[in-house]
Number of protein chains: 2
Amino acid sequence: MSGPAYTRLENDERRRRLLELGADLFTRNAYDEISMAQIAREAGISKALLYHYFPSKQDYFVATLASGAEELRRRVEPDPELPPAEALTAAIDAYLAWIEDNSEAYEKLLQSAATVPEVREIVEGVRATTVDRILAGIGATTPVARTAVRGWLWFMDGACLDWIAHRDLDRGQVLGLLLGTLGGALMAAGVQLPVTEGSDP
Amino acid sequence: MSGPAYTRLENDERRRRLLELGADLFTRNAYDEISMAQIAREAGISKALLYHYFPSKQDYFVATLASGAEELRRRVEPDPELPPAEALTAAIDAYLAWIEDNSEAYEKLLQSAATVPEVREIVEGVRATTVDRILAGIGATTPVARTAVRGWLWFMDGACLDWIAHRDLDRGQVLGLLLGTLGGALMAAGVQLPVTEGSDP
DNA sequence: CAGGCTACTGACCGGCGGTCAACAAACCGT
DNA sequence: ACGGTTTGTTGACCGCCGGTCAGTAGCCTG
């Protein structure tokens, strides 16, 4: 009986708001706990408009993840100036710090990764390159070394989930556990570790 | 224009056939890759009848898993006569043997576990009791030891998935990797292992 | 061959992800 | 002040999903 039926926004602005909303909603609910209709209602728009900006729910979800993933990638990127061992330590510590800052998002991400094929592939890809990086860093090539590193990445996620579920460890302890376990796994895989000189203050 | 419109079966017989079919279908397709309508069609019955025997898709899925899970539990049950260390070794080896025999089922199970809440809870429960068992066996009580063991269970699944994906290791190698990594993780967690006497022939 | 027990079915429900033609808010030149 | 154009936006619709229910019909008993 009065003003306009809806407010018209510029393309970029609407997109920006939807991404922001999605980042929020998807850290509070896992992928299939929330429907596109609910999201649209929350955004105060029609479902059709949501689909106008993002071709599918998966695409919307992935786009929503993108900025966070970019930040994570930046923080975790190993310093090429450091020797491999310290670069790895620094990268893991950065990873742990990110998880500490974004624990809900981390939990929901792992949960959703199993469900959404596209995310699954992204995570798998990251893991694969990480495995290669580590194997290259220690000069190991045997199948059992590959299995050890791949298993260790799972160890990492399991330990992190336990960590943020209980919050009764500090980051340093988790870091030590992860590094020590990686060493143990590689030893069990029969890998000869290149000795780093004088690095235990 | 002729015979009966459908064949009537006895309650138990129908149930048996549906469970058998489900065990087959769910090892070839993950939980939400297949719909109840498809399953019913495959079984040659109406969807309503399927729901007459199982109150929900989740229940059907869990029931389908039950027999396999029972067999796994039986095979993995540790021998109480053995000292803890050897009992653990035997249990892990049995677990690996089961995976070797049922690799598709194992893969689909892990995939579905993330999706189906009820299965997720079952798997979580099994993991929790396993963690307690191991912690009790080594007499460890610290949070970091708990995190180490919990993470190691993830390591186990990750390593097994890699193993059956590549099939370039034999079971003994995987067993050695798992045991060695558990030792490494516990060491990294600062656990003093009770020494077993003379057990490396 | 009548009658009952119950294994079975067809039709229906709300909600999902996804699509489409049509509408209207804002900006434009006049 | 106003008609035309652009394009951000909408309501109605689709097929499929998990799940429900009143009613049908195969089989066994007498």
Check: A:Trp152 and B:Thr181 side chains under 4.5 Å, non-hydrogen atoms: no
Is there a side-chain contact between B:Ser112 and B:Val119 in this structure, where contact means two heavy atoms from C-beta onward sitting under 4.5 Å apart? no
Suppose we screen for salt bridge (Lys or Arg N to Asp or Glu O under 4.0 Å). Which residues come up paired with B:Arg75, at least two apart in sequence or across chains? B:Glu71, B:Asp101
Length of the line joining B:His52:NE2 and D:dA22:P, which is rounded to integer Å: 15 Å
Over-ring placement of B:Arg127 relative to B:Trp154, 6.0 Å and 45° cut-offs: yes
Geometric cation-pi criterion A:Arg150 and A:Phe155, 6.0 Å radius, 45° cone: no
Let's test your reading of the pairing rules: Watson-Crick or G-U wobble, both distances under 3.5 Å, then write DNA chain C as a dot-bracket string with ( ), [ ], | and dots. ||||||||||||||||||||||||||||||
Quick check on contacts: within residues 6-14 of chain A, what sits under 4.0 Å from DNA chain D by heavy-atom distance? A:Tyr6, A:Thr7, A:Arg8, A:Leu9, A:Asn11, A:Arg14
Which of residues 31-51 of chain B sit near DNA chain D, with a heavy atom under 4.0 Å from it? B:Ile34, B:Ser35, B:Met36, B:Gln38, B:Lys47, B:Ala48, B:Tyr51
Under a 3.5 Å cutoff, is there a donor and acceptor pairing between the side chains of A:Ser103 and A:Arg167? yes
Think B:Tyr60 has a side-chain N or O under 4.0 angstrom from the OP1 or OP2 of D:dG18? no
Quick one: label A:Phe54 by what it contacts on the DNA or RNA (base, sugar-phosphate, nothing), any heavy atom closer than 4.0 Å. nothing
Enumerate the ring pair (Phe, Tyr, Trp, His ring centres under 6.0 Å) contacts for residues 10-37 of chain A, please, sequence neighbours excluded, ordered by first and then second residue. A:Phe26-A:Tyr60, A:Phe26-A:Phe61, A:Tyr31-A:Phe61
B:Arg120 vs B:Glu124, salt bridge (Lys or Arg N to Asp or Glu O under 4.0 Å): CA-CA, chis, key distance, verdict: CA-CA 6 Å; B:Arg120 191 182 164 80; B:Glu124 288 289 321; 5.1 Å; no
Run B:Arg73 and B:Glu77 through salt bridge (Lys or Arg N to Asp or Glu O under 4.0 Å) and show every step you take. CA-CA 6 Å; B:Arg73 195 177 304 119; B:Glu77 191 61 36; over 6 Å; no
Among residues two or more places apart or on two chains, list those pairs meeting salt bridge (charged side-chain N to carboxylate O under 4.0 Å, His left out) that have a residue in residues 28-49 of chain B. B:Asp24-B:Arg28
